[in-house]
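Letters A, B, ... are given to chains in the order of the sequence lines, protein chains preceding strands, and every chain is numbered from 1.
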Amino acid sequence: MTPDVFLFWFLALTTVLAALGVIISANPIYSVLSLVMTMVGVAAIFVTLGAYFLAGVQLIVYAGAVLVLFVMVLMLFDLKHEIHAFTRGPVTGAIKIAAVGLLGGMIVGAIALSANSLMKTENNGIQTVIEGDSTKALGKLLFSQYLFGFEALGVLLLVVAVGAVALARAKGGTHAQH
Amino acid sequence: MLSTDLFTQIGLGHYLVLSALLFCCGMAGVLLRRNAIVLLMSIELMLNAVNVSFVAFSRYLGQQEGQIMVFFVMTIAAAEAAVGLALAVSIFKRFREVNIRYFEHLKG
Amino acid sequence: MGRDSFEIIVNGVKMIVIFLMMVQVVPILVWLERRGSAFIQNRFGPNRVGPLGLLQLLADAVKFLTKEEFFPEKGIKFLYYAAPVSALIPATLAFLAIPLGAPIKLDTFEMFGQTWGPYTFLIQGYEIGVGIVFILAVSSLAAYTILMAGWGSGNKYALLGALRASSQTISYELAMGLSIVGVILLYGTFNLTDMVTSQQGPLSFLFQGHTVTLGWLPNWGIFYQPLAALIFYAAAFAESNRLPFDLAEGEAELVAGFHVEYGGFKFNLFFIGEYGHCLVASALMVTFFFGGYQIPLITPDEMLVHVQGLMGAGNAAAIVNGLLHHVVFLIKMAVFVWIFIQVRWTLPRFRYDQLMDLGWKTMLPWALANTILTAALIYVAHT
């Protein structure tokens with residue numbers, strides 16, 4: 001077993017377990033801490049895939065900013081007792097879990113069936129697995145071919161920032177009573 | 001079919017299955033949980049699962065576009081989280097509760 | 001022994017040594033802080049135990065270790081105990097990625113009856129292509145230890161302090177990140193070693209095809225990016241929750257902030273984490289703006305020639321050269337750590353709204369302006 005293989009299984013296991021922790025733990029604080037763990041695991045998986053810059057951005061954006069907001073909001077709410085953490089009724093819950101299992105089985109089955117063709121593309125196709133530091137190439141691509149998307153996202157972020165502030169500052173929330 | 005190669009040869013398929021598992025976790029969270037903030041977190045989880053498969057494809061097909069898409073997904077996820085949390089805060093101000101069970105007034 | 005396992009062992013040893021160095025420096029800093037504050041306030045400070053009070057550190061350590069171990073009644077066990085342990089992690093990981101000295105290039109030599117090949121020893125935990133992004137990423141994880149401590153203590157003051165601290169951290173991270181963008185534009189790389197290398201020798205740069213050289217100034221980043229240096233250093237104060245930004249532990253309002261419920265060695269771990277952030281910030285300041293481990297006006301290679309002139313060519317000269325640069329780095333870092341201490345004992349604390357105003361309405365726009373200005377200047381200079 002080479003270090004790479006060990007690393008993959010270790011990270012995959014940690015990430016999936018942490019993701020399960022998000023949906024299983026009844027206390028939302030533990031949910032969000034598990035989600036942090038998942039994000040760190042995903043960042044590490046990005047590293048094993050050679051996307052170093054993305055791994056850093058993943059940590060900065062998700063773990064460093066978005067999830068801190070989640071934690072802070074949850075702590076400020078201070079939900080003492082989480083009643084009805086899960087969906088109502090054992091029957092609907094079972095149906096939903098079954099639906100998720102079915103979807104998961106279908107996706108995994110589809111991947112397993114198409115594994116041969118996927119491997120083929122890898123072996124003969126367009127090829128060249130990206131090695132080493134690809135950050136510069138990434139930047140060039142982002143600021144040339146995908147410039148419009150980049151700018152559009154900038155506008156989106158501005159709108160969202162203004163909107164979020166307006167929403168959170170509104171006195172009566174969304175249901176203001178005048 | 002099930003040989004040791006499955007465990008010692010890590011390929012694209014492994015990453016895709018991992019991504020599918022994460023996605024299903026997120027989906028189960030959205031379906032099963034009733035806390036609005038946990039719902040938002042589950043959505044983030046699904047977006048992350050998609051990111052993993054994007055990066056895996058980008059790596060194994062030797063194309064950078066996948067990583068660009070991850071950037072876009074991340075930005076949109078951050079935007080979504082910001083608006084979602086703002087909504088959650090205003091809902092909490094009104095109902096003192098973020099469990100979706102308590103604001104079903106819009107149900108027809 | 002294969003090449004790979006040799007590298008793994010060397011890197012593992014380096015990590016442990018650098019971690020121990022970081023932890024061992026903290027007691028000295030505490031002594032420096034107490035003596036320094038006493039000096040600033042015209043007092044004596046600790047001067048009873050040992051010469052100059054130096055053994056006070058040992059006495060403190062014994063005191064910390066023998067304190068009563070307690071757990072707050074309404075606390076959450078797991079979070080309460082996990083927080084101080086994880087407080088050390090971000091600073092340590094960030095510190096490992098910083099180049100601390102010139103790489104030592106060793107020729108083939110005989111040892112233990114074996115020939116060891118030419119080897120370049122980096123005085124750095126690990127070299128990462130995207131060094132800056134990595135450091136920003138791991139140091140952004142510091143917010144969680146604070147939040148875990150605040151929530152796990154089950155105490156209102158602790159929670160308020162933690163919320164203040166983490167919102168302050170993420171607010172100032174923006175200004176910090178944006179001020180670094182100017183630096184990244186200037187050097188055109190994320191790699192910290194490359195940054196240090198491009199700051200060697202006297203000040204010289206290309207401007208519209210002409211090379212401008214000022215022989216009496218070192219080629220340091222501070223001369224290109226003075227505003228970025230100022231913003232970065234100020235944001236670093238806020239990031240490490242030091243005065244004048246230590247709103248998180250404002251004694252008059254919050255008792256002691258997120259570590260009210262911590263005593264003894266658990267408190268000490270938070271303390272070490274805080275000083276670790278100071279050390280990382282100072283080291284980054286040196287790396288970005290003050291030439292890293294380089295001796296002013298002399299490149300490491302020229303210095304190596306001088307050292308070889310004194311000691312004769314060979315591996316010994318290379319090692320001495322590497323250590324010399326390491327000492328230079330430590331001296332530069334010490335200057336910034338001292339500024340951290342001096343500022344703490346001279347400036348009063350901000351009010352919370354002033355703090356947020358400074359971060360969002362002053363430093364962020366200035367950092368943005370600096371980025372745009374740098375980009376424009378680089379464009380003009382290269383046409």
Which heavy atom of [X] sits nearest a heavy atom of [Y], and at what distance?
{"X": "A/Gly64", "Y": "C/Glu173", "value": "O-OE1, 4.4 Å"}
{"X": "A/Lys136", "Y": "C/Gly188", "value": "NZ-O, 3.6 Å"}
{"X": "C/Ala137", "Y": "A/Gly56", "value": "CB-O, 3.8 Å"}
{"X": "A/Leu59", "Y": "C/Ser140", "value": "O-OG, 4.0 Å"}
{"X": "A/Ile60", "Y": "C/Val133", "value": "CD1-O, 4.0 Å"}

Out of curiosity, [X] [atom1] to [Y] [atom2], how far, rounded to the nearest 0.5 Å?
{"X": "A/Met75", "Y": "C/Leu163", "atom1": "CE", "atom2": "CG", "value": "7.0 Å"}
{"X": "A/Ile29", "Y": "C/Leu147", "atom1": "CD1", "atom2": "CG", "value": "8.5 Å"}
{"X": "A/Met39", "Y": "C/Leu141", "atom1": "CE", "atom2": "CG", "value": "12.5 Å"}
{"X": "C/Phe190", "Y": "A/Tyr52", "atom1": "CZ", "atom2": "OH", "value": "15.0 Å"}
{"X": "A/Leu67", "Y": "C/Tyr144", "atom1": "CG", "atom2": "OH", "value": "4.5 Å"}

Review point. Non-hydrogen atoms of chain A under 4.5 Å away: do they reach the side chain of C/Leu174, the backbone, both or neither?
Key: neither

Check your understanding: Measuring heavy-atom distances to chain A, does C/Ser167 have an atom under 4.5 Å in its side chain, in its backbone, in both, or in neither?
Key -> both

Review point. Side chain, backbone, both or neither: which part of A/Val36 has an atom under 4.5 Å from a heavy atom of chain C?
Key: side chain

Study note, to complete from the structure: Looking only at C/Ile8, C/Leu79, C/Ile135, the option with the highest number of non-hydrogen pairs under 4.5 Å against chain A is C/Leu79

Point to revise | Heavy-atom side-chain proximity of C/Met148 to A/Leu33 below 4.5 angstrom | key: yes

